[in-house]
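Per chain, numbering begins at 1; letters A, B, ... match sequence-line order. Everything quoted here is computed from the prediction, not taken from an experiment.
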2 protein chains.
Amino acid sequence: MKRKIKTMEEFAEVSGISRPTISKYFNDPESVRRSTRDRIEVALEAYSYRPNIFAINQNRKLTKTIGIVVPYLADPFFAEIVRLMERRCMDAGFSPMIFSAHGEQRLENDALAALQSQRPAGALIAPLGRHSDFESVRRFTEEVPTVVFDSNIKVGEAFVGSDSFQSIPLIVDYLCRSGEPPCFLEMPPVNPNANKRRDAYILAMERLGHDPKVIRVDGNGWDFERIGMDEGTRLISKKELPSETVLCSNDRLAIGFIAAAYQQGLRVGHGAGCALRVAGHDDHPWARFTCPPLTTVAQDYSAIVDRSVEKLFDLIENGRTEEERLEVLIECKLVLRSSA
Amino acid sequence: MKRKIKTMEEFAEVSGISRPTISKYFNDPESVRRSTRDRIEVALEAYSYRPNIFAINQNRKLTKTIGIVVPYLADPFFAEIVRLMERRCMDAGFSPMIFSAHGEQRLENDALAALQSQRPAGALIAPLGRHSDFESVRRFTEEVPTVVFDSNIKVGEAFVGSDSFQSIPLIVDYLCRSGEPPCFLEMPPVNPNANKRRDAYILAMERLGHDPKVIRVDGNGWDFERIGMDEGTRLISKKELPSETVLCSNDRLAIGFIAAAYQQGLRVGHGAGCALRVAGHDDHPWARFTCPPLTTVAQDYSAIVDRSVEKLFDLIENGRTEEERLEVLIECKLVLRSSA
DNA sequence: ATGAAATTTTTACTCCCGTAAAATTTAAAC
DNA sequence: GTTTAAATTTTACGGGAGTAAAAATTTCAT
């Protein structure tokens with residue numbers, strides 16, 4: 001015949017413990033004496049009361065919420081990163097809150113506004129990049145301790161991402177050593193990474209004494225596979241490829257390109273009888289399931305997540321310091337499969 | 001020299017309008033006279049004030065939050081559904097909140113608890129299914145108006161999903177008519193859909209006078225592609241496939257299976273010189289980029305989202321009725337590509 | 001048992017906004 | 001220029017928990 005407990009006041013009553021102590025308990029169970037903790041927990045089982053989160057956050061300067069914002073959640077790269085980040089945050093006692101910009105500036109701004117209204121303790125954001133409303137994002141980071149990842153726009157307390165100038169030479173070297181030097185397939189860059197990759201490609205090729213060949217195809221939006229397939233089809237059928245080795249700006253583009261090659265009857269791979277070698281970048285979760293499996297450069301998902309989250313926790317605990325903005329560049333690893 | 005406006009009281013002061021009216025404005029801008037609305041909006045630009053969401057929700061019986069819970073966000077099917085749902089909710093003036101169970105019962109329960117503590121106006125949930133803590137989910141739906149989608153466990157006010165007994169016959173018929181009758185490749189079912197699909201397969205085959213052949217492979221978790229590839233490799237190399245036409249329980253499994261076939265040197269497709277036909281189910285976003293492109297049955301993403309969201313809005317507006325639980329089954333469409 | 005230290009209880013104020021009721025002002029209608 | 005209806009202002013309370021300060025109690029070592 002348990003009555004419904006709605007407030008902490010009521011719970012204090014039925015548990016026989018004063019409200020301030022109950023409050024202390026919920027903020028940190030270790031902060032009350034063992035015996036009272038036990039009494040509270042017994043009552044808790046009997047009445048299953050949970051404090052009202054809105055009332056809690058109303059008085060707290062900083063909540064336990066951590067915002068995670070990505071440019072496109074349906075991209076498996078971000079889906080996977082978010083998955084790992086969410087886990088880390090929960091393990092540390094925070095409540096992650098996920099937002100996606102769906103590739104649109106307006107929605108990114110909306111997401112940041114919605115997040116900010118939650119007064120989060122901190123935020124992990126991968127900005128749209130080129131399409132971000134820079135001022136908007138900067139204003140956000142003024143109010144909320146923020147670690148930026150993946151796409152390095154110069155806001156927030158820190159950046160964590162992969163080092164294109166390390167990763168691209170890896171794959172370029174390999175491709176040059178094992179066959180015809182690659183051309184570079186890119187689409188209009190959605191973020192700074194895309195530019196860095198192209199620049200890194202050019203640099204790497206020149207270092208090796210080869211002539212860099214960049215193919216910029218059309219297409220916008222986040223349908224990378226479709227762009228890779230459509231433009232790949234066009235390039236192949238019109239024989240406009242300057243090299244039989246194609247390094248794609250990212251794996252999703254490569255997946256589309258491989259599909260195009262397949263449909264045109266070109267065999268992709270490094271073996272005998274193959275007409276084309278294709279490589280990507282990122283080691284997307286699906287890269288190992290292409291036909292043939294994709295040779296690529298793997299971003300270190302765990303490291304990106306770990307470093308980002310660590311830095312954010314540090315910011316939350318110790319506050320912002322006057323130190324210079326931290327930039328963590330993480331090494332990538334070459335992943336050799338059979339596409340190149 | 002604008003001072004920081006933190007409360008509605010202060011904003012009322014600087015805008016020269018009373019607080020209750022400001023409050024009305026934020027609840028519905030149309031509810032105040034044109035002239036005052038203008039005055040408020042002018043002040044709003046000058047001071048960029050936003051009401052504190054916690055204080056708001058503390059007093060409202062029902063918030064503007066809508067929870068979206070999926071079993072695995074990194075699955076492109078759910079990523080896409082979530083994307084569409086989020087959009088619809090925002091357009092209707094709600095704040096969607098996304099949760100993923102990451103395939104684990106404990107995390108599903110955590111997500112539901114976290115969501116419930118937000119006192120959402122309603123929830124759209126795709127339960128884990130077989131691995132759901134049924135009682136937990138049921139309790140949740142008692143407190144929160146809920147539409148269940150994709151996986152029909154019998155809780156909540158309504159279910160919206162695809163009709164396996166309509167979709168599977170479509171593809172079975174087609175496969176039988178165009179070649180050898182298919183065997184059915186499934187993994188241990190993660191949700192009721194998987195069972196229905198198998199049963200529908202058996203039924204469809206029997207109707208056509210063929211002998212149904214179900215292959216149940218091992219594997220758990222949500223790495224469907226990996227399971228499809230590993231088990232496909234095994235089945236092919238050991239020649240254990242009872243038919244040269246393979247209908248996979250879902251597209252992700254099929255993607256893995258196709259990769260396996262490719263690596264074993266088997267040509268997939270319906271043309272001459274092809275050793276194997278492979279078909280899937282769902283029309284995942286990546287299905288068109290397999291090699292060869294995947295023949296499958298398309299779930300109607302928009303319809304699923306539309307119907308779910310409509311019903312939820314109806315529930316929120318009109319409250320729960322005593323009517324029977326609504327079950328909406330949406331038709332699928334055959335998508336013929338070249339894999340079968 | 002005694003004193004000191006650690007906890008808990010009491011009391012009371014704060015956070016920021018929703019909202020109801022009564023009083024007042026404004027706008028529209030005739 | 002009334003009359004009326006509509007909108008706004010005033011005033012006041014409530015929601016549920018954080019938190020500070022002082023008083024009371026418990027714990028533990030000596």
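Residue B:I17 contributes atom CD1, which lies 17 Å from atom P of C:dT25 at whole-angstrom precision. One interatomic measurement links the two molecules: CZ of A:R50 to C1' of D:dG16, which rounds to 16 Å at whole-angstrom precision. Counting to the nearest Å, the C1' atom of C:dC16 and the CD1 atom of A:I56 are 16 Å from each other. Atom-to-atom, CD of B:E9 to C1' of D:dT9 comes out at 13 Å; the value is rounded to the nearest Å. Between B:M8 atom CE and C:dT19 atom P there is a gap of 11 Å when expressed in whole angstrom units.
With hydrogens and angles ignored, no donor-acceptor pair under 3.5 angstrom links the side chain of B:R60 to the base of D:dG15. Between the side chain of A:R19 and the base of D:dG16 there is no donor-acceptor pair of N/O atoms closer than 3.5 Å. B:N59 contributes a side-chain N or O that forms a donor-acceptor pair with the base of C:dC17 under 3.5 Å.
The side-chain heavy atoms of B:I40 and B:I17, taken from C-beta on, include a pair separated by under 4.5 Å.
With respect to the salt-bridge test (charged N to carboxylate O, under 4.0 angstrom), the residues A:D110 and A:R106 qualify. Ion pairing between A:R139 and A:E143 fails under the 4.0 Å rule for side-chain N and carboxylate O. Under a 4.0 Å N-O distance rule, the pair A:R39/A:E41 does not qualify as a salt bridge.
Contact annotation: B:Y49 does not reach the phosphate of C:dC16 (side-chain N/O to OP1 or OP2, under 4.0 Å). Residue A:S18 places no side-chain N or O under 4.0 Å from the OP1 or OP2 atom of C:dT8. For B:T7, no side-chain nitrogen or oxygen approaches OP1 or OP2 of C:dC16 to under 4.0 Å. Distances shorter than 4.0 Å separate some side-chain N or O of A:T36 from OP1 or OP2 on C:dT8. Of the side-chain N and O atoms in B:T21, one or more sit less than 4.0 angstrom from OP1 or OP2 of D:dT9. Between B:S23 and C:dC17 there is no side-chain N or O to OP1 or OP2 distance below 4.0 Å.
Counting only heavy atoms from C-beta on, A:V32 has its side chain closest to C:dT8 among D:dG18, C:dT10, C:dT8. In this structure, the nucleotide among D:dA7, C:dT9, C:dC17 sitting nearest to the side chain of B:R33 is D:dA7.
Between A:S35 and A:N27, it is A:N27 whose nearest contact on DNA chain D lies nearer the 5' terminus. Mapping B:G16 and B:Q58 onto DNA chain D by nearest heavy atom places B:G16 at the nucleotide closer to the 5' end.
The shortest non-hydrogen separation linking A:V144 to A:P120 is CG1-CG, 3.9 Å.
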